[in-house]
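Data block below; observations after.
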Amino acid sequence: MKRRQFLKLMGGVGALSIAASAGCLPRRGVEAPAEFPEASEYGGQEVEATVDSQTGEVTVNPDIVMRHSACVGCYSSCGNRVKINKKTGEIMRVLGNPYSPNNAEPHLPYEASLEEGYLAFSTYQDKGHKGRATICARGSGTLESHYDPMRILVPLKRTGGRGEGKWKPITWEEAVNETVEGGKLFTEAGEEQIVEGFRQIRDLKSSLDPEQPKFGPKANQLIFNGGRGDGRTAFATRFMAAFGSVNYYSHAYS
Amino acid sequence: MATNGNIGKPDINNSKFILYLGSYPGHAGKPMQAIARQAAIASTDGDLKFAVVDPVMAGGAVSPLVDNGKWIPIKPATDGAFVMAMVRWIIEHQRYNADFLSSPNLEAAQNKGFNSWSNAAHLIITDPEHPNYRKLLRAEDLGLDAPTGEDNFIVIDEAGKTLLYTECSTGDLLFEGSVEDKDGNSISVETGFVALKKSAFSYKLETYSQECGVPVETIIELAREFTSYGTKVATEGLGGTAAANGVAAGLSHYVLCALVGADNKKGGIIARRISFSKFGPGPRYKVNVIPDAPERKGMGISRTGMNYEDTHEYQEKIAQGEDPYPAEMPWHPVGNVNADNQALFSMINRYPYQAKILINWMANPLLAFPSADQEKVIAELKKTENLPLFISIDAFMAETTSLADYVIPDTTGYENWGIPNIEGNFSGRGDSVRWPVVKPATAEIDDNRYACFENFIIDVAKEIGVPGYGEEGILDANDNLLPLETPEDYFLRAITNVAYDQDPVPDIDDEEAKLQDLVGAKANWKPVDDILQADEWAKAAYVLSRGGRFEEYGAGYDGDNRIDGYFGCISIYSEWMASSKNSYNGEFFPGVITWEPEKFIDGTPISDYFPIEEWPFKLANYKAKFRSVTMMPNSPTLQDLGETNYIEINPEDAQNLGFNDGDEVKLVSATGGEVTGTLVVRAGVAKGTIASTFGYGHWQYGAESYWIDNEKIAGDSARGTGINATGIGLFDPTVDQLFGFSESVTGTPSRNGGAFRLEKL
């Protein structure tokens, strides 16, 4: 059954659907089974640890690692807790970071051990319920974006006109060399124009318009537009400062 | 607005009343889930009340379960009328905090129990003949001795004496009259507060109410609530008030909070993004200090944050004896030079100058910028004469990326590094830290280097010898030059700064290092021993293992005061704005907030071009819960949860048009854009409003097929559902060039408002 149909049958409300997609849909109105069923029977996942609900003893599953990092489902910089299969290197699931004030109310003290991080999702002292570290639907969706089969993994160069959707893969060296040195780059697309590369544009002495020197040097003709506030923009501003162009843009207005 | 620094966000956990204007608690805002949680707890367990004034009822923290939160509908792009009505009532009924407003400097305000200050009592020169007309009065204007190199503003104290603002504890807030300079010449002046009062009193409450659609009694009720809890009140607004007349709405957050003195107070407005030292000069490294960096010169291409009067074009016209107005294209003197939307419209018009190379990095301006998602704009971007080299660095074939010459693959948030600002609604200091928790899927360039944004920049910079990259790229705290050849070189050192700032964090112990499998993680990086000092890794690893560094819950206060914040002047009167001119008609902009309907750049109200009878709707663009700005149409779960978006209108409007819920309709913008979608009729939309979520209407991002050599990458239509209503926003018909309708002072795009109509299919 396609997930979409499944959800329609279940009357897919937000939280419920998330649970369903993660394979842990609660079974309501059914007597508790005498024995807890095998997770695989319901498509569930191997757990990262078991916790003794009486003593709080944590037994970590050695095949799974839980890493705390930051989400880029939007630009709120929430934390996340990423469940990774150590053997395959695959991400199994993503949760909220219990150490981050953006995820949990209240968040764990900074000195709290990583074991506390496991307890924060457990039934021990009801920690996994009250103030639980959460991640929103967007944060969960990032995992599917990460594994998007249409992700771009190698440099591409257009072989048709702009926007025609015709590309060829090129090597990293070609991508760097062609954009740095410029030249007649688009003959394959039937274009004869000679394009200036980064090397020609990084001219800090000549005015970009000799009649209007206030516009500054030719280096200003490099424009950078990066929309994100994902904690990497400092790397971009540094480059534009080093390159010598004033034209750095980010998510300021739009 | 730039004049007031980054003041902050409501301290939800300790506040008594919050007015959300252009931001929806629990639906939008950063981070929406923390805001939702805090607003829900504070308004049910606690005694917080909040009101959301918005054209669209979006759910979030407003729910039938919450008695203390309510939604008040307002017409799009009329927030300015609403706030001016509030300001008028507050001043008229003397509900403002005169103790705060009359304190002309920080010390004076702090002595009275506040923790910020404003220029409400500072004097403004109102004499049109005076050379400093519209500027704040300074000691130099009076011929008084004063420190050189500083702004020596002047106030009149309670005894009627003119004093330097730093020497006065209580200024005369209501002064309007004249002062004498040392030669006995009289200069007419008024205080910033008087200027604000005059502006607010320009219209009656009934007029404001008619403009914004909020009943007078509701305005009064909200104004009374807002002024009933001392400094324990706050306002919040984000892009929801971004409109072509949005400057009043944007600045009103500063003004309203200043009317009660709520800034930097517990329960009031608290600064966000209080972080540890990371990229700047830090305790261990100076990662963003570039050795031998060139001096940057010249004017940005955005025409924003700079004066038309400083251009050659203006000066040439003056020299020729011509009227310098209008400029060839609009300039926005009081905006942020970073105005990305304006830069796009400059590039496609080659004005004020030609762009040669565009690097677009994980951004999708065609979808994100109002008015930009239209054939006319796309056609200009396709022209190589407008933009000779277009490189996009992206993980997906997004709309803007699909028009590029070269696409450089980027990593995802599970594969790359980052230290984002921790956004609003945490009172303490903190930084989230992102690190590669799995090996990148992108092409491996060489040993443990993967195709991504940082490596492209590094390799280009090394190739042409840009300073600050390669073997001698980055400085430690003792100015030793170290290599910058991989993302780890940069980010691990910045993370080490975070770890060592103030009291250093603990070392990670062996057991926890094993739990995080740090050995496994490091296997995909440049050897850490080649990057950090031997003792640094254990602390950096502690930060990684917690996903950042965060102070304890409830940190950041000293008694009733917030420790960190913006302690500069809050401008009731913005001298910058008041002394800047509109680049089309040469008129001065107002220095205080004021109500204006939407106008094109030459000052013509848009209703003169597009009468409301023909174009009865304005757009309210709000965030989709199950999309994220232009991202994630490629998540099947989100596709299931929010399959598409709609064109949403009020039941009365539907009835007048004879339209029904579920009809297929065409949304037409007055300058020619159109999209078709499904009508939703609901009472949660204000009258005269087209509500539509942002994040749908993709025509690439995998929705459309493309070819790599002869291999077809087949498109998936599930990614392309719905519409992008803001994309068909107006072009400004008073500008010759293709130009997205924008606010004249700052260049803010018309994300909300405009002129639209609906047609049944």
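Chain identifiers are assigned alphabetically (A, B, ...) following the order of the sequence lines, protein sequences preceding nucleic acid strands; residue numbering begins at 1 within each chain. These values consider heavy atoms only, across backbone and side chains, with no hydrogens, waters or symmetry-generated copies.
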| said: Quick check for you: to the nearest 0.5 Å, what is the distance between Ile391(B) atom CD1 and Lys157(A) atom NZ? | reply: 11.5 Å

| Asn225(A) side, atom CG; Thr400(B) side, atom OG1 - distance, nearest 0.5 Å | 8.5 Å

Given heavy-atom pairs under 4.5 angstrom as the criterion, report whether the side chain, backbone, both or neither of [X] touches chain B.
X	answer
Asn177(A)	side chain
Ile201(A)	side chain
Glu196(A)	both
Pro213(A)	both
Pro109(A)	neither
Arg67(A)	both
Asn247(A)	side chain
Ala189(A)	neither
Ala219(A)	neither
Ile84(A)	side chain

For [X] versus [Y], what's the shortest heavy-atom pair and its separation?
X	Y	value
Pro420(B)	Asp230(A)	CB-C, 3.9 Å
Val72(A)	Gly413(B)	CG2-CA, 3.8 Å
Phe491(B)	Gly231(A)	CE2-O, 3.5 Å
Gln516(B)	Met66(A)	NE2-O, 2.6 Å
Ser402(B)	Trp167(A)	O-CZ2, 3.7 Å
Ala443(B)	Val154(A)	CB-CG1, 4.1 Å

| Has Lys439(B) got more than 12 heavy atoms of other residues, nucleotides or ligands less than 6.0 Å from its NZ? |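 No, not enclosed.
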
| message | A quick test of your reading: do over 12 heavy atoms of other residues, nucleotides or ligands sit less than 6.0 Å from CD of Glu211(A)? | response |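 Open.
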
Which residue out of [options] racks up the most heavy-atom pairs below 4.5 Å with chain A?
options	answer
Phe426(B), Tyr490(B), Phe279(B), Phe369(B)	Tyr490(B)
Ala441(B), Gly430(B), Pro409(B), Gly418(B)	Pro409(B)
Ile408(B), Val629(B), Asp517(B)	Asp517(B)
Ser705(B), Ser628(B), Gly642(B), Ala34(B)	Ser628(B)
Gly554(B), Ala451(B), Ala368(B)	Ala451(B)
Glu415(B), Glu295(B), Glu552(B)	Glu415(B)

Name the member of [options] that forms the most heavy-atom pairs with chain B at distances under 4.5 Å.
options	value
Cys78(A), Gly89(A), Ala241(A)	Ala241(A)
Thr171(A), Leu108(A), Thr159(A), Ile91(A)	Ile91(A)
Pro155(A), Gly216(A), Gly96(A)	Pro155(A)
Leu208(A), Leu204(A), Ile170(A), Thr237(A)	Leu208(A)
Thr142(A), Ile194(A), Val60(A)	Thr142(A)
Ala242(A), Gly163(A), Gly244(A)	Ala242(A)

Does [X] reach the main-chain N or O of [Y] with its side chain, forming a donor-acceptor pair under 3.5 Å?
X	Y	value
Trp435(B)	His68(A)	yes
Gln221(A)	Gln354(B)	yes
Ser77(A)	Asn421(B)	yes
Gln193(A)	Pro388(B)	no
Lys214(A)	Asp310(B)	yes
Asn288(B)	Ala234(A)	yes

Find out whether [X] and [Y] are in side-chain contact, i.e. whether some heavy atom of one side chain is under 4.5 Å from a heavy atom of the other.
X	Y	result
Phe198(A)	Glu463(B)	no
Tyr553(B)	Glu105(A)	yes
Arg151(A)	Thr442(B)	yes
Asp209(A)	His312(B)	no
Arg138(A)	Met32(B)	yes
Asn103(A)	Gln33(B)	yes
Met150(A)	Tyr706(B)	yes
Asp405(B)	Arg162(A)	yes

| query | Between Lys168(A) and Asp709(B), is there a side-chain N and carboxylate O pair less than 4.0 Å apart? | reply |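 Between Asp709(B) and Lys168(A) there is no salt bridge, as every charged N stays at least 4.0 Å from the carboxylate O atoms.
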
| said: Between Asp410(B) and Arg228(A) (salt bridge meaning N to carboxylate O under 4.0 Å), is one present in this structure? | reply: no

| message | Parallel, tilted or perpendicular: which one describes the rings of Phe550(B) and Tyr110(A), with boundaries at 30° and 60°? | response | perpendicular

| request: Please work out which of the three classes, parallel, tilted or perpendicular, describes the rings of Tyr406(B) and Phe186(A), given edges at 30° and 60°. | output: tilted

| task | Given side chain to side chain contact (heavy atoms under 4.5 Å, CB included), test Phe453(B) with Phe235(A) step by step and report yes or no. | result | CA-CA 9 Å; Phe453(B) 163 65; Phe235(A) 196 91; 3.8 Å; yes

Does a donor on one side chain sit under 3.5 Å from an acceptor on the other, for [X] and [Y]?
X	Y	value
Trp172(A)	Asp459(B)	yes
Glu191(A)	Thr384(B)	no
Ser545(B)	Tyr99(A)	no

| query | What's the verdict on side chain to side chain contact (heavy atoms under 4.5 Å, CB included) for Tyr249(A) and Ile301(B), showing C-alpha distance, side-chain angles and the deciding distance? | reply | CA-CA 10 Å; Tyr249(A) 299 96; Ile301(B) 202 170; 3.5 Å; yes

| message | For Ala293(B), give me all partners under side-chain contact (heavy atoms from CB on, under 4.5 Å), at least two apart in sequence or on another chain. | response | Ile290(B)

| query | Taking the six-membered ring of Tyr469(B) as reference, does the NZ or CZ atom of Arg238(A) fall below 6.0 Å from its centre and within a 45° cone about the axis? | reply | yes

